[in-house]
Structure formats: C-alpha cells, structure tokens
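The structure appears right after this line, and notes come after that.
So you know, we letter chains A, B, ... as the sequences are listed, proteins then strands, and number each from 1. Because the structure is a prediction, the values reported are computed rather than measured.
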Protein chains: 2
Amino acid sequence: MQEGIKNKELLLAHMSSAFSLTGDEIEVLISLFAERQVKRRGFILHQGDICRHFTFVVSGCFKMYTIDRGGKEFNLEFAAENEWISDLNSFYAEKPTTVYIEAIEPSVILQITRQDLIYLYGNYPKFNSTFRIIIERKYMELQNRVLQNISATAEERYSNFLHQFPTLAARLPNTQIASYLGITSEFLSKVRKDLAHKR
Amino acid sequence: MQEGIKNKELLLAHMSSAFSLTGDEIEVLISLFAERQVKRRGFILHQGDICRHFTFVVSGCFKMYTIDRGGKEFNLEFAAENEWISDLNSFYAEKPTTVYIEAIEPSVILQITRQDLIYLYGNYPKFNSTFRIIIERKYMELQNRVLQNISATAEERYSNFLHQFPTLAARLPNTQIASYLGITSEFLSKVRKDLAHKR
DNA sequence: AAATACCCTTAATATATATTAAGGGTTCAG
DNA sequence: CTGAACCCTTAATATATATTAAGGGTATTT
C-alpha cells in the first residue's frame, strides 16, 4: 500500500472536489483501485470484450472509438489526466462492447471493477453522489457536443475544439481530431488552411 | 394528497424499475413532486431563466432546443411519457439557461425543485443511485447519438430515428425531426422520398 | 541507417446537404 | 367560418464535405 500511493493522490483530489472524503472513504478508495501502466497503442478494452473496469486516467491519454464495416474509425471520446473512461453500457449490462479504448500515449491508470464499484455504492453511500456528479458532467459535455454537431460547421466545431481542449489539441494528431469531429482528415487540413488565412 | 395520486403512480413505477422502494421512500416522493398541466406551446423553461426543476413527463411531449443568432432552432432532446427533462447545467449551477423547453402536446408533468432533490439525496440515499442510473441511461443514449452524428448519413440517421423512437416519430412533425437530426426539413423531405422509392 | 508505417497537405472531382423560391394542404385562433 | 400560421413537397442552384490520388515529411521499428 506504500508503492503507487502518489498516483492515487490525484484520484483522491479529484474525488474530493465535489464532497470531502472521510478517512474511511479514502482508505477504501485506495484499496479498491488498482494501478496499471499501459503502453502507447495498448488496449484497455477491445470490441467484443466485456468492459470490466471503470478507469481513471492518472497520466497519458486514451481514445475510445468504433470501427464501421468499411474499416473507418470514429472517435467517440478522448480521456487524458483526471478524466474517466469506460463503456457504461457494457460495464453495467455485462455484455460485449462495440468499442475500443486504446492508449494514444504511454499511460498510467487506476481501475475499479464493477463488483467493487457496486460494493462501494452499497457501503459508502457518498460515492453514489460522487459518481452521479461525474456522469452528470460528462452528460453536459456530450450534450454540448451534440449541439455542435447539429448546428455548427466543421470549421466552427474545430475552432471550438481548440478552444475547449487546448492541451489535448496540441497532443493529438489531426487525423484523430478529424475522426472526433466527424470529418475527414483531408477536409480538416483545408479547414486549418482557411482558418490560418483569416488571421 | 388524494388528488393526482394516479399520475404519480407512473413515477413510482418508473423509479422502482431499478430498485424497489420502501413505504417511506414512496411517501417522500409523492410529497416532493408537484403535478402541473402544460398546454401545447407552453414553456417550462425559457432561455435566460434559471432551471429550477427536474421534470418527469407523465403524458404529452416536450422539446428542448436552442435558437442561434440567425433565429434557427436546434432540437437537443425530446421527452415523452416516462422520460426526464431538465437543463442540468442551469439546474445545478443555478445559472441562466441557454435552452427552451416547450410542450409539443398538452402535457402533464411532475416536478421536483433543486432544494427538494438535494434533500432527497441527503436523506434517502437510495435516490442517489436511482438518479445516477437515470443519468447513465441518458448518457448512453447521447453517446449513441454522437456516434450517429459523426458516422452516419442523414438517411441512416433518419432510419435509425424511426426505428429507435417509432411512437415519437409518428407524433412529431417532420420539421421537428429534421431539427433534431441536424438537417433542413427540405432535405428530410428528399430523404423520405428516396427511402420510399427503395421499398 | 534503412525500412516501414504514419501524418499532413494539395488538388481535382464527386456527393451530400443547404438555400431559395414557390405552391398546395392542414390546423388553429379569432 | 375564415384568415393566419404552420407543414410538406418539389426543383433549381449553391455550398460544405467526401473521395481519390499523389507527394513529401516524421516517427518508430528493425
């Protein structure tokens, strides 16, 4: 329990941003989350598998994506430091996932299993609120993304992405950003040129 | 407490689909939710207001939308019987909303205020789980919608909408569906013609 | 250091979707 | 009952975005 505590401090700080935690709660969090290193291009979830963990990213970055029949990838979500990633549908229903979660950079994560999370919900009620709030925040972000998708041009969506996720944008290849925005990387290239000319 | 109990039974049935409720929990739910009738075209939330209620739809149907500088409406969400609707961002942060929630049909709703919901979370811990699950379900639906938006053509999105929300599709004018799908109603008209010819 | 895979850009052409305009059909409020 | 809103469709034209193909640049692996 001494090794890796340092990484768990980020999780504890994150969890106590909404509600402060008691000593007991801190202890149980530390005991139930397992640390894992993931290499660049390493998968923590593969299409067809059952998603068995709720994952907190300590460092590095992941993408969650699907591949259609034509072999094209579509990025549903990125998760960097201090963010959560999981396929909720597969996780709770224990059914095969349709997505991949892959490390874009060498990463360190903390994971809790479904069983342990349910134990946590049942025995430390505060975590129901904590995880409710985590999901609510993610929900609002997604809703904003849907609004962008139905109302904004590719150029507006890209500008917005740069503005909303500046550090992420600097770390990701444009191909990955294009896949997230729902455009081809060739078109993103044009959009970038047009934006540059507007300066 | 006798009048309107019938409408609250739908809420109770909905809430106990994930966890069964005790007598106390049922009583507090009944006491904290207020029933309201809304006419067609009536607003339960107006841009600039603070969203003060979490709303459960007993009957009828609502749309949640924004209007851009050009006056165009974009439908973020529909909510019919047995669904929840609220602008979470405005509701929790108590700041002015950017959206409208308007009845598309004469409707009956049950509403709880932010204060009462927080009271509920604090004193009846089970509802933390219940509302966590409600939000998780909505999150998965939104995620699926984002995937559609970035990966599917307008025709695929429309087919999917018909398949996923058959009763809703039959009740809504096509203009509203187009606004939800992120296309113009003229183009939806063409999509419908093309689909009809494919039979 | 070479080889391979990845990444970014450009441009020509093709397709999906928006815009504008117009007409007819329905519903709803006065 | 009647006009005013709304709704749906069509078609011509315009714009946004995809596809294909090609070349050069950068990492990563061998």
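- For the pair A:Arg145 and A:Tyr180, the cation-pi criterion (under 6.0 Å, within 45° of the ring axis) is fulfilled.
- Protein atom NZ of B:Lys190 is 13 Å distant from nucleotide atom C1' of D:dA12, rounded to whole Å.
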Next on the checklist: Dot-bracket for DNA chain C, please. Rules: Watson-Crick or G-U, both distances under 3.5 Å, ( ) within the strand, [ ] when a pair crosses earlier ones, | for another strand, . otherwise.
Outcome noted: ||||||||||||||||||||||||||||||
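- Closest to the side chain of A:Thr153, out of D:dT17, C:dT17, D:dT10, is D:dT17.
- Test B:Phe91, B:Phe62, B:Phe131 against B:Trp84 for ring-ring contact (aromatic ring centres under 6.0 Å, His included) and you get one pass: B:Phe131.
- In this structure, A:Asp194 atom CG and D:dT15 atom P are separated by 14 Å, rounded to whole Å.
- Rounded to a whole Å, the CD atom of A:Glu105 is 16 Å from the C1' atom of C:dC6.
- In summary, of the residues considered (A:Glu73, A:Gln47, A:His46), a side chain to side chain donor-acceptor pair (under 3.5 Å) with A:Tyr100 occurs for A:Gln47 alone.
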Next on the checklist: Quick one, A:Phe78 with A:Phe165, criterion ring pair (Phe, Tyr, Trp, His ring centres under 6.0 Å). Give me CA distance, side-chain angles, the key distance, then yes/no.
Outcome noted: CA-CA 10 Å; A:Phe78 298 115; A:Phe165 306 108; 8.2 Å; no
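- Nearest approach of B:Leu168 to B:Cys61, heavy atoms of both residues: CD1-SG, 3.7 Å.
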Checklist entry - Is there a side chain to side chain donor-acceptor pair (under 3.5 Å) between A:Asn128 and B:Ser129 once you walk through the steps? => result CA-CA 6 Å; A:Asn128 277 295; B:Ser129 317; 3.1 Å; yes
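- Taking side-chain N and O atoms only, B:Arg40 has a distance below 4.0 Å to OP1 or OP2 of C:dC28.
- Counting heavy atoms from C-beta outward, B:Asn144 and B:Gln164 have side chains that approach closer than 4.5 Å.
- Nucleotide C:dC28 holds its P atom 15 Å from the NZ atom of B:Lys39, rounded to whole Å.
- Contacts between residues 173-188 of chain A and DNA chain C, defined by a heavy-atom separation below 4.0 Å, involve A:Pro173, A:Asn174, A:Thr175, A:Glu186, listed by number.
- One interatomic measurement links the two molecules: CD of A:Glu73 to C1' of C:dC6, which rounds to 12 Å at whole-angstrom precision.
- At the phosphate of C:dT17, OP1 or OP2 sits under 4.0 Å from a side-chain N or O atom of B:Arg157.
- Both tests pass for B:Arg132 against the ring of A:Tyr121: distance under 6.0 Å to the centre and angle within 45° of the axis.
- Tested against A:Tyr65 for a side chain to side chain donor-acceptor pair (under 3.5 Å), the candidates A:Lys72, A:Glu77, A:Glu102 yield a single pass: A:Glu102.
- The separation between B:Ile150 atom CD1 and C:dA16 atom C1' is 18 Å, rounded to whole Å.
- Taking side-chain N and O atoms only, A:Arg192 has no distance below 4.0 Å to OP1 or OP2 of C:dC8.
- Projected onto DNA chain C by closest heavy-atom contact, B:Ala152 and A:Ser189 fall at different nucleotides, the more 5' of which corresponds to A:Ser189.
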